[in-house]
Each structure stands twice: as structure tokens, then as C-alpha cells.
Amino acid sequence: MRFSTRVLLLQLATQACVVVVCSAVFLWFGVQQLRAEADSSALNIARAVAESPEVRDLVAAYSADPGTPDAADLRDGPLQAYATGVTSRTDGLFVVITDDHGIRLAHPNPDRLGEVVSTSFDDALAGREVVTWETGTLGESARAKVPVYAPDPSGRPIGEVSVGFERASVFDDLPSVIGASAITLLLALGLGTVAALLIRRRLERVTVGVQPEELVALVQTQAAVLEDSDDGVIALDPDGVVRVCTRAAARLLALDDPVGRTLDSLGLSSQLEDALLEGAPDGLSAAGRILYIDTRPVHRGGRLLGTSAVIRDRTDLLALSERLDSVRSLSDALRVQRHEFANRLHTLAGLLDAGREDEARRFLDELTDRGSVAYRVEGLDQLADPLVASFLGSKAIAAGERGVELRVGETSLLRSQLTELEDPLAVLGNLIDNAITAAAAGREPRWVEVTLLDDEDELVVTVADSGRGLTDESAVFTRPPAEDGPDAIHGHGIGLPLSREFARRRGGDVWVVDRGGPQHGAVFGVRMPGVLGDMGAGPNAGDGRARQRGPER
């Protein structure tokens, strides 16, 4: 049996019990009220008869006669006629009048006249009025016994007036009372049934038809699966109120106790609010993380329950990808160096085979001064770090394939070498790649200029290009790339926020120096402390000859 059905039956049973008990109490009070009304009527009638002067005089006359009254005289006497008239007018069962010996002077049954009454008359002769239910010769009745006082000044009790109503007449109104109680009972049960059905419907609507046992399973599933997952989950109802927020989601979005609050009250950016409603499959930057958000509408029983959003943190994965790109660039640079060095060796071997030792010696001297590879990058000789020079050389080759010239700024001066490679090269490579893409889509001449400076252990870089610049520099580090947007060439949304994250982890930053204009494109600045060291302290120590190479023009 479904839980809602059990609740319905329990409510109906409870309501039925309450209504039955209340009806029984109401009926009991009705019976007591009818009895009280019969007792009061009998007492009032008995008092009226007992206070009648005619009755008092006649009863006094019979009480003064020591003999037994004659039944024939009583049958046609005034007391009998008086009592019969009162009985007929009041619809009572009887009006009985006795003397001080309990002899019936008036009785509904004339054959009983002159006989002693069947019930006690001591209380009346003692001057006490009695109202009780007793069984006499006429059956059970509600009767009132009132003393008859002598008309003389002594005023002593000289007889009794007893007035009674039979049970059937007393409870003539009982069927109507029972009928009213039954109607009330049915109405109450009907209202209770309707209320129980409405409560059941509301319960099933609120719980979406899920039974308590299923709710327990859902809670266990949420605790075991959702809370232990590295991906965050947020569920919103149709009104935008947060109903579920796992610990991972609260951590990724920097939320504090969001359940039960509206999405607008969480203090999130408008971009993140839109992503939680519509999704961000291309990723976005939020709270210093690169997040991918997938949203799905939640339906059950054909009714929309809200929206669920799955939040995945891809910061570390993308960071690893960016670092791998920098390693790939270095690998390309080494491949170029190997190829060109092989060419130099072939040239040298040819000179030696031809017996031209002097030319071979001069060729070796040039290689010593120039280095094994001559990258065609203007200003590359201003950089003392061979790895940075090789990295820029490989980027220059890639830029040349797209018709873009990569050059080093005239004010560059890098006298130290990198002691940390991954993060600086990842940031530098991402900015250069974006600049190359922007320049390739811009006007001619197409160029990218990189300026590198050192300040003790701090690396300062600016990257400028000849592209079309930025239309909204405030959004380049937050929003995902728009396929048809004018700034899509800069890849805003993933690479730049990730580069800024790399820099800020080391106490630095990445920012927009100039949004660009008619003469040049955008200019980005980078500051990364703690990544430079002395010439003999880094991974490139000992390669003094390579640091002295210059460009071949």
C-alpha cells in the first residue's frame, strides 16, 4: 500500500472516531436535556396542583376523616375530576393525589382509588419535594412528588401530589436529535474525507509521487554519489531557488549555505548565473577556476521540476595542457636546432673533405660566436636565456607560416635566466599564440612584438600585435569565446583566465595594457615574481656559448 494511501486511511479512521465520539457525547447531552425538561415540567405541574386551594381543602377534609374514603365517592368526586383535567391538558401520564396515609384520592385508574400508593410518600409528608424516575402501577415514568399543605395556620403536610410523564413521551424528540446527530456525523465525515483527499493530493504533488522509502534511497544516493564526487551539482526549482548544492559545488563557486536561497541572492556574477541556467559547455572563469557547466531540465510525471547543473573543474587539466604546449614549443625549437645543426655539420664535413681547413676553421669560429641555430627574430640577441630565445624562435617559425613577423622589442633586456619553466612559458606561449592569431586576422604589415625585462627575480613581459584590438577589455578574462564575436581571435575565456591564474599563483598578474586602436592591436602585460635567477642557477647553466648567439640577417 502506498504511503499516501495509508495516510489517507489513517486520517479517515481518526476523523471517524472523533466524529463518533462527539456524536455520542452530543446524544448523551440531548437525552439528559430531555430528562431534565420532563422533570422540570412534572415538578411545576405538581406544585401548581398542590397549591390549588380546592385541592388543599379537599385533601384536608379526607385527612381529617379517620376512616377510609369510599372508592365510589372518590370516582365521581371533585378531586378525580380535577386530576383528570390536569392530566389531559398537560399530556402527562398521571396526576395522583393522596392523603396523609398514602390513600389515593385521585388516580388515572379509577379502580385504584382508595388504595395505598405503590411508591413511598414519606418524603412528601416530611415536607420535601422529590423528582425521580420510578416504576409504579402505570410503569416507569419521570415523576415529581410535592407535599400538600393544610389550609390552616399550621401548614403541615397533609398529603401528596405526584405528577408523572411516561418514558415514551419524554423521548418523543429523541429521533430528531438522533437524526440531527447522524446528519452532522455524515457532514463531518464528508468534509474530513475531502480534506484527507486534498492533503493526499498535496503530499503526492510535493513529493512528486515519491514514497518515503524512495526518499530515503534518494537521500542515500545523494550522500553516496553526489557528495563524494569531485564534480559539483546544483539543482534549482522553477522559481530559481537552490534546492540541492553539493559540497564540491559550494567550494567551486565559493558559496556559503546556498540551499533555500534564490540564485539572485548568492552574489554570483551575471555571467555565472546565466551559465547555471543555460550552461557553459565552452568553459568560463569563476572564482579563480576554469569551470565547465552542463545544465539539464529535470522532469517527472510530465512536470518540470527545475534545472540541474553539473560543474566540472578543468583548471588543472587545462593548466597541464598549456604546459604541454610550452613543452611542445620547446620540442619544436630543439627539432629546428637539431636540423640546422645537422646542416652545419654537413657543411663543415664538406669543407674538411675538400681540404679547405682554413674555411672550416672560420666556419667554426662563426658558429661559436653565433650559436648553432640562427633564428630570424629581430632583437633576439637581447635575451641572455637560451631557452627563452629558442622558445621565441620556435614561435617565430610558427608565426612566419601564418604571415606574421615575431620580433623582440627594442627595450627588451633579459640578463637572467628562468629558474621556473612551466608557468612562465605557458603564460608567454598563450599570449603569443593569441597575438599571432589576432595579427593574422588583421591588417598588413602583420607583426607581434614581445618585450621582456627582468627586475631581480621578477619577469616583466608585454605582448603587442597588429590586430584589430579589443572591443571590451573588461570581459577578456571572464567570458567564453564567441564564435562570431570580433574578439574571438584572442580566445578570450579559457587561455587568458588560465594565464592570469598561473601568474597570480606566483604573486603576479596578467592584464590589458592597451585595448588597441587604429595603429596597433591589443597590448597585454605580464608580471611574474620569483621565476628568474642568476646565470649559473637555472636549468640552462653552463651553456655560455649559446647565450652569446645573435641573429642571422
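The structure presented is a predicted model; accordingly, all values stated were derived computationally and were not measured. Side chains are part of it too, since the values below use all heavy atoms of this structure and drop only hydrogens, waters and symmetry mates.
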Given Leu79 and Val59, is the side chain to side chain contact (heavy atoms under 4.5 Å, CB included) satisfied, shown in steps? CA-CA 9 Å; Leu79 283 178; Val59 172; 4.3 Å; yes
Identify the heavy atoms of [X] and [Y] that sit nearest to each other, and give their distance.
| X | Y | answer |
| --- | --- | --- |
| Ala503 | Val510 | CB-CG2, 3.8 Å |
| Arg468 | Ala441 | NE-O, 4.3 Å |
| Arg56 | Ala50 | CG-O, 3.3 Å |
| Ala144 | Ala46 | O-CB, 3.9 Å |
| Val242 | Ile234 | CG1-CG2, 4.4 Å |
| Pro157 | Ala124 | CB-O, 3.7 Å |

Side chain of [X], backbone of [Y]: donor and acceptor closer than 3.5 Å?
| X | Y | answer |
| --- | --- | --- |
| Arg104 | Val116 | yes |
| Thr307 | Arg296 | no |
| Gln80 | His107 | yes |
| Ser88 | Gly85 | yes |
| Asp99 | His101 | yes |
| Arg515 | Ala522 | no |
| Asn430 | Ala426 | no |
| Arg243 | Leu236 | no |
| Thr295 | Ser308 | no |

With sequence neighbours excluded, residues passing side-chain hydrogen bond (donor to acceptor under 3.5 Å, both in side chains) with Ser265: Thr262
Evaluate the criterion side chain to side chain contact (heavy atoms under 4.5 Å, CB included) for residue pair Thr98 and Val148; output intermediate values, then yes/no. CA-CA 9 Å; Thr98 66; Val148 178; over 6 Å; no
Worked check of side chain to side chain contact (heavy atoms under 4.5 Å, CB included) between Val55 and Tyr82: CA-CA 8 Å; Val55 172; Tyr82 185 86; 3.6 Å; yes
Please tell me if the side chains of [X] and [Y] come closer than 4.5 Å, counting only heavy atoms from C-beta onward.
| X | Y | result |
| --- | --- | --- |
| Thr87 | Val163 | no |
| Ile45 | Val86 | yes |
| Asp294 | Ile311 | no |
| Val146 | Leu43 | yes |
| Ile97 | Val49 | yes |
| Leu74 | Tyr62 | yes |
| Leu105 | Leu113 | no |
| Met528 | Val427 | yes |

Just to verify, what does Arg506 make a salt bridge (charged side-chain N to carboxylate O under 4.0 Å, His left out) with, not counting sequence neighbours? Glu420, Asp423
Would you tell me whether Lys145 and Thr132 have side-chain atoms, one donor and one acceptor, within less than 3.5 Å of each other? no
Reported [atom1]-to-[atom2] distance for the pair [X] and [Y], which is rounded to 0.5 angstrom:
| X | Y | atom1 | atom2 | result |
| --- | --- | --- | --- | --- |
| Leu252 | Arg247 | CG | CZ | 12.5 Å |
| Ile158 | Leu125 | CD1 | CG | 10.0 Å |
| Leu253 | Cys245 | CG | SG | 7.0 Å |

Report the C-alpha distance between Phe524 and Val512 in whole Å, list the side-chain angles of each, state the deciding distance to 0.1 Å, and finish with yes or no for side chain to side chain contact (heavy atoms under 4.5 Å, CB included). CA-CA 5 Å; Phe524 285 85; Val512 177; 3.6 Å; yes
Go through the steps for Arg128 and Asp122 under the test salt bridge (charged side-chain N to carboxylate O under 4.0 Å, His left out), then give the verdict. CA-CA 9 Å; Arg128 293 190 295 270; Asp122 295 337; over 6 Å; no
CG (Asp256) with more than 12 external heavy atoms under 6.0 Å: no
Pairwise salt bridge (Lys or Arg N to Asp or Glu O under 4.0 Å) hits with a residue in residues 42-54, at least two apart: Arg47-Glu129
Is the closest basic N to carboxylate O distance between Arg112 and Glu115 below 4.0 Å? yes
